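Heads up: the structure comes next, in structure tokens.
Here the structure is a predicted model, which is why all the values come from computation and not from measurement.
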Amino acid sequence: MPTTMTYADLKIVDGQDPTTPLQKIAILEKPYTLSLAEAEILEPSCNEVRVKVVYVGICGSDLEAFKGTRKPEFISMPARLGHEVAGIIDKVGSNVSGLEVGMRVACRYVWGAYAEYIVCKPFNVQVMPNSFPLTAISLIEILPGVIHAAELANIDSGTRVLIIGQGVSGLMLTQIISLYSPAELVVTDYKQRNLDLALEYGASSVIKIPRDEVENSPTVLKTHSEGFDVVIPCLLEGDCVADAISCCRVGGKVVMYGGIGVACRPFDFFAMHRKRAEILSTEPKRDIDMYRYFKEGISLVKDGLVRTNDYIDRIFPLDEIQQAFETRADVDNDIIHVLIQVAEEA
């Protein structure tokens with residue numbers, strides 16, 4: 001079985017024991033309400049490492065949990081969120097080789113990371129160069145799924161691709177898909193800033209969706225009535241998957257990177273059959289693939305082919321995590337991505 005998201009083990013305490021080292025963590029008490037608590041700083045086992053967390057991004061999955069539209073994985077409220085981690089190895093188990101205290105790392109598949117420290121397996125971390133900015137590291141966490149989506153799409157110079165949505169993941173996908181040299185790479189969003197970035201990142205054209213329009217397909221099909229070979233939905237809402245099928249040509253593919261939220265409308269499976277469409281999920285199905293895509297994503301960022309710092313608009317301290325989530329959830333501002341700073345950079 002492939003490794004899935006691991007819930008970071010933390011023991012929350014009610015009162016301070018002077019003999020027990022404690023750390024601050026964030027708790028989602030109920031929808032739209034975050035608070036701070038204290039937890040023990042755990043020791044890594046002989047096969048684990050401990051990471052001092054410096055930055056954690058607010059992902060779309062965190063946002064869905066915050067709004068109460070999607071239960072956090074593995075848990076119900078009160079909950080701990082956060083998984084886009086940039087940190088520094090703080091302690092290494094006796095059986096772990098190759099990883100050392102002080103190494104800068106990106107973490108993946110660790111849930112509940114709005115905390116000062118997390119303990120995880122070596123599989124969950126990848127080492128970054130000391131020269132690489134920590135602010136740019138946390139978004140590397142999403143690249144294995146993004147690269148796998150591009151691989152599943154089987155893009156060549158004759159493929160016409162549509163990416164629905166240009167939030168954080170959509171902008172990362174645009175950068176990756178453009179490297180596969182498709183015949184056409186069209187993207188949609190309702191924010192002009194996001195579309196301007198997409199053009200800079202390699203989109204051949206953009207389609208601005210009216211803010212009050214629920215579906216993308218009516219606007220998209222006005223200019224692309226034949227549909228696309230590959231459609232990648234990158235919106236949170238589950239309904240975007242049905243929208244993607246509408247934008248797909250007969251015999252095309254929907255590579256389902258987004259659609260992680262609740263679907264509010266019925267899904268017409270007959271529409272999928274009429275289109276003879278394939279629907280593919282994007283998390284790597286084998287640990288070795290996840291490892292390779294993680295490494296490949298880091299190389300792309302290190303070599304300047306994928307940019308992760310352009311759309312980090314605000315950084316909030318952990319003490320202000322409530323305001324940070326409210327800012328990220330506000331659809332009327334121009335903010336694309338928000339980081340939580342848990343510790344000072346060394």
Give, for atom CD1 of Ile137 and atom CD1 of Ile298, the distance between the pair rounded to the nearest 0.5 Å. 8.5 Å
If we ignore hydrogens and angles and just use 3.5 Å, is the side chain of His337 paired with the main-chain N or O of Tyr311 as donor and acceptor? no
Would you mind reporting whether Pro44 and Val119 have side-chain heavy atoms less than 4.5 Å apart? yes
Ring pair (Phe, Tyr, Trp, His ring centres under 6.0 Å) partners of residues 222-248, not counting sequence neighbours, each pair once: His224-Phe228
Does the salt bridge (charged side-chain N to carboxylate O under 4.0 Å, His left out) test come out yes or no for Arg307 and Glu200, once each step is laid out? CA-CA 11 Å; Arg307 286 149 52 183; Glu200 189 176 335; 2.6 Å; yes
The test is side-chain contact (heavy atoms from CB on, under 4.5 Å); show your working for Glu141 and Val85 and say whether it passes. CA-CA 7 Å; Glu141 191 270 348; Val85 178; over 6 Å; no
If you apply the rule side-chain contact (heavy atoms from CB on, under 4.5 Å), what do you find for Ser94 with Cys46, and how did you get there? CA-CA 5 Å; Ser94 58; Cys46 59; 3.3 Å; yes
When you measure from the side chain of Ser204 to the backbone N and O of Leu185, does any donor-acceptor pair fall under 3.5 Å? yes
Glu38 side chain to Leu22 main-chain N or O, any donor-acceptor pair under 3.5 Å? no
What class does the angle between the rings of Phe325 and Tyr114 fall in, given that below 30° is parallel, 30 to 60° is tilted and above 60° is perpendicular? perpendicular
Compute whether any side-chain donor of one residue and acceptor of the other, for Gln126 and Tyr291, lie under 3.5 angstrom apart. no
Do Ile58 and Phe66 have side chains that approach each other closer than 4.5 Å (heavy atoms only, starting at C-beta)? no
Heavy-atom pair of closest approach, residues Ile176 and Ala150: CG2-CB, 3.8 Å
State, with a plain yes or no, whether a side-chain heavy atom of Leu42 is found less than 4.5 Å away from one of Arg50. no
Leu81 and Trp111: CA distance, side-chain angles, deciding distance, side-chain contact (heavy atoms from CB on, under 4.5 Å) verdict: CA-CA 6 Å; Leu81 308 177; Trp111 186 267; 3.8 Å; yes
Indicate whether any N or O donor in one side chain lies under 3.5 Å from an N or O acceptor in the other, for Thr327 and Asp330. no
Smallest separation among heavy atoms of Asp243 and Ser217, with atom names: OD1-OG, 2.8 Å
Side-chain donor/acceptor of Lys275 to backbone N/O of Ile245, under 3.5 Å: yes
Does the side chain of Lys191 come within less than 4.5 Å of Asp334's, by heavy atoms? yes
With side chains defined as the heavy atoms from C-beta onward, is the minimum distance between Gln166 and Ile336 less than 4.5 Å? no
Heavy-atom side-chain contact between Arg104 and Asn130 under 4.5 Å: yes
I'd like to know if the side chain of Thr219 pairs up with that of Glu213 as donor and acceptor (distance under 3.5 Å, no hydrogens or angles considered). yes
More than 12 foreign heavy atoms under 6.0 Å from CZ of Arg274: is that the case here? yes
Between Arg292 and Asp289, is the salt bridge (charged side-chain N to carboxylate O under 4.0 Å, His left out) condition met? List the steps. CA-CA 5 Å; Arg292 288 171 180 159; Asp289 297 323; 3.6 Å; yes
Got a donor-acceptor contact below 3.5 angstrom from the Asn124 side chain to the Arg108 backbone? yes
Correct closest heavy-atom pair for Gly98 and Met103 would be O-CE, 3.5 Å
CZ (Arg286) with more than 12 external heavy atoms under 6.0 Å: no
List, by chain and then residue number, the residues other than Val250 in its hydrophobic cluster (Ile/Leu/Val/Met/Phe/Trp/Tyr, side-chain heavy atoms under 4.5 Å); write none if there are no others. none
Please report the interatomic distance CG(Asn194) to CG(Asp189), rounded to the nearest 0.5 Å. 4.5 Å
If only atom types and distance count, is the side chain of Arg160 paired as donor or acceptor with the main-chain N or O of Gly227 below 3.5 Å? yes
Side-chain contact, heavy-atom cut-off 4.5 Å: Met290 with Tyr109? yes
Answer yes if Ile163 and Leu235 sit in the same cluster of Ile, Leu, Val, Met, Phe, Trp and Tyr residues linked by side chain heavy atoms under 4.5 Å apart, and no otherwise. no
Answer yes or no: is there a donor N or O on one side and an acceptor on the other, between the side chain of Lys302 and the main chain of Phe132, under 3.5 Å? no
Is the backbone N or O of Glu40 less than 3.5 Å from a side-chain atom of Gln23, with the two atoms forming a donor-acceptor pair by type? yes
Out of curiosity, Ile335 CD1 to Arg193 CZ, how far, rounded to the nearest 0.5 Å? 8.5 Å
Side chains of Arg249 and Asp229, heavy atoms from C-beta outward: is any pair under 4.5 Å? yes
Measure from the side-chain N and O atoms of Gln322 to the backbone N and O of Leu34, and report whether any donor-acceptor pair falls under 3.5 Å. yes
Determine whether Glu320 and Arg314 satisfy the following criterion, salt bridge (charged side-chain N to carboxylate O under 4.0 Å, His left out), listing intermediate values before the conclusion. CA-CA 12 Å; Glu320 297 176 15; Arg314 295 288 301 276; over 6 Å; no
Is there a donor-acceptor pair closer than 3.5 Å between any side-chain N or O of Ser205 and the backbone N or O of Val186? no
Would you sort out whether Glu48 and Val96 count as a side-chain contact (heavy atoms from CB on, under 4.5 Å), showing the intermediate values? CA-CA 7 Å; Glu48 295 176 321; Val96 176; 5.9 Å; no
